[in-house]
There are 2 protein chains.
Amino acid sequence: MGPLDGYLPYLLNRAGSRIATAFSEEVRPLGATLQTWRVLAALHERDGRRMGDLSETTSIEVSTLTRLVDGMEKKGLVSRRRDAADARAVTLHATPAGRRLTQRLLPIAERYETVALAGFNAVEAKAVKAALRRLYANIDALEKPHRLRG
Amino acid sequence: MGPLDGYLPYLLNRAGSRIATAFSEEVRPLGATLQTWRVLAALHERDGRRMGDLSETTSIEVSTLTRLVDGMEKKGLVSRRRDAADARAVTLHATPAGRRLTQRLLPIAERYETVALAGFNAVEAKAVKAALRRLYANIDALEKPHRLRG
DNA sequence: CGCCATTATTTGCATTTACAAATAACAGCG
DNA sequence: CGCTGTTATTTGTAAATGCAAATAATGGCG
């Protein structure tokens with residue numbers, strides 16, 4: 001066990017990468033990717049989100065998201081709509097086909113949650129999640145100042 | 001707080017992405033990227049690693065790593081050597097310039113560790129890291145069986 | 001020794017990604 | 001109402017990525 005094993009960003013990336021790769025492999029036969037799942041999951045949580053909102057939620061850069069959504073639209077999984085209130089914005093909506101795919105992906109996602117947390121009791125699981133939220137908030141706070149200048 | 005906020009892989013990815021993006025931005029002025037840092041950090045831990053070993057430790061896919069190392073070699077940060085014991089393998093070594101860059105990146109990396117764990121006491125910090133190792137091991141165990149067939 | 005299955009790395013190639021610039025529409029103010 | 005600065009999204013373009021195939025070398029076994 002070297003220094004890397006004690007370095008938090010390393011451990012974070014390692015765990016995240018591993019789960020991402022495994023999940024990707026698993027959903028490929030369904031014609032899905034990790035990124036499409038992220039978008040579908042975000043829309044499952046709340047449909048009709050804006051691109052920027054989706055980018056924030058999924059951690060997918062907006063220009064990347066644009067082209068990802070292009071593909072998903074072509075596949076008939078989602079549809080874009082010009083926001084009625086603000087014509088600059090675009091809202092994204094899952095189509096019936098998109099919702100069907102989501103339903104097929106949900107149990108796989110649930111299984112990954114279970115597998116990842118194998119051996120964790122309820123208290124420990126809750127603690128990890130709380131810690132991950134704190135880590136995120138800490139880094140987020142580091143970035144935010146940039147946006148508040150002026 | 002929707003369902004996503006309770007989904008571990010989501011929290012993991014969100015925290016990891018955020019820290020990765022922030023770190024990347026920060027090291028760009030030094031002519032470095034997150035990926036080059038990962039390679040340099042792995043070599044700092046132990047020099048002369050094989051490509052496959054590096055791929056495993058950095059979570060960078062081997063074919064991606066090959067090309068990343070091409071670029072690092074061109075920049076004079078690392079050098080490849082054919083492994084004396086096994087001519088199939090290539091070992092990678094940090095050059096003086098590579099080590100100098102590593103020395104400049106180390107304090108930045110340390111700072112990220114500190115910032116990410118702001119508000120965590122020593123016990124909590126240790127617990128998060130242990131949890132991340134367990135998560136990784138759990139997913140790893142899910143994958144391993146594939147390699148043991150035959 | 002020579003063959004064969006296995007392992008380590010690289011290469012081919014199509015896709016994904018991200019930064020920066022461009023476009024489109026808003027909001028406030030003269 | 002027509003500027004002006006800001007916000008939301010897309011597009012241009014070059015680089016990074018990952019799967020699969022190719023290459024190179026090993027080890028075991030007849």
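Remember, predicted model here, so these are calculated numbers, not experimental data. What you see below is based on every heavy atom in this structure, not just the backbone, and it leaves out hydrogens, waters and symmetry mates. In what follows, chains are A, B, ... by sequence order, proteins preceding strands, each numbered from 1.
Remark: B/R80 is in phosphate contact with C/dT10, judged by side-chain N or O atoms under 4.0 Å from OP1 or OP2. The shortest distance between the side-chain N/O atoms of A/T64 and the OP1/OP2 oxygens of C/dT17 is not below 4.0 Å.
Between B/M51 and B/T66, the closest heavy-atom pair is CE-CA, 3.7 Å.
Comparing A/I60 and A/R82 by the nucleotide of DNA chain C whose heavy atom lies nearest to each, the residue mapping closer to the 5' end is A/I60. Judged by closest nucleotide on DNA chain D, A/T21 is the one of A/T21 and B/A85 placed further toward the 5' end. Each of A/D53 and B/R88 was assigned the nucleotide of DNA chain D with the nearest heavy atom; the assignment lying further toward the 5' end belongs to A/D53. Where A/S63 and B/R67 meet DNA chain C, the nucleotide closest to each residue was compared, and B/R67 sits on the side nearer the 5' end.
Remark: B/E113 engages B/K129 in a salt bridge, criterion side-chain N to carboxylate O under 4.0 Å. A salt bridge links B/R18 with A/E56: the distance from a Lys NZ or Arg NE/NH1/NH2 to an Asp or Glu carboxylate oxygen falls below 4.0 Å.
With A/E73 as the fixed residue, the salt bridge (Lys or Arg N to Asp or Glu O under 4.0 Å) test singles out one of A/R67, A/R80, A/R81: A/R80.
Contacts of B/E124 classified as salt bridge (Lys or Arg N to Asp or Glu O under 4.0 Å), with partners at least two apart in sequence or in another chain: A/R134.
Within residues 27-51 of chain B, the residues that have a heavy atom under 4.0 Å from DNA chain C are, in order of number, B/R28, B/R50, B/M51.
Remark: the A/Q35 side chain and the A/R38 side chain contain an N/O donor-acceptor pair separated by less than 3.5 Å. A donor-acceptor pair shorter than 3.5 Å can be found between the side chains of B/E61 and B/S63.
Rounded to an integer number of Å, the gap from CD of A/E61 to P of C/dT15 is 21 Å.
Side-chain atoms of B/R49 never come within 3.5 Å of backbone atoms of B/T91 as a donor-acceptor pair (strictly under, hydrogens ignored).
The footprint of chain B on DNA chain D, defined by a heavy-atom cutoff below 4.0 Å, extends from D/dT17 to D/dT26.
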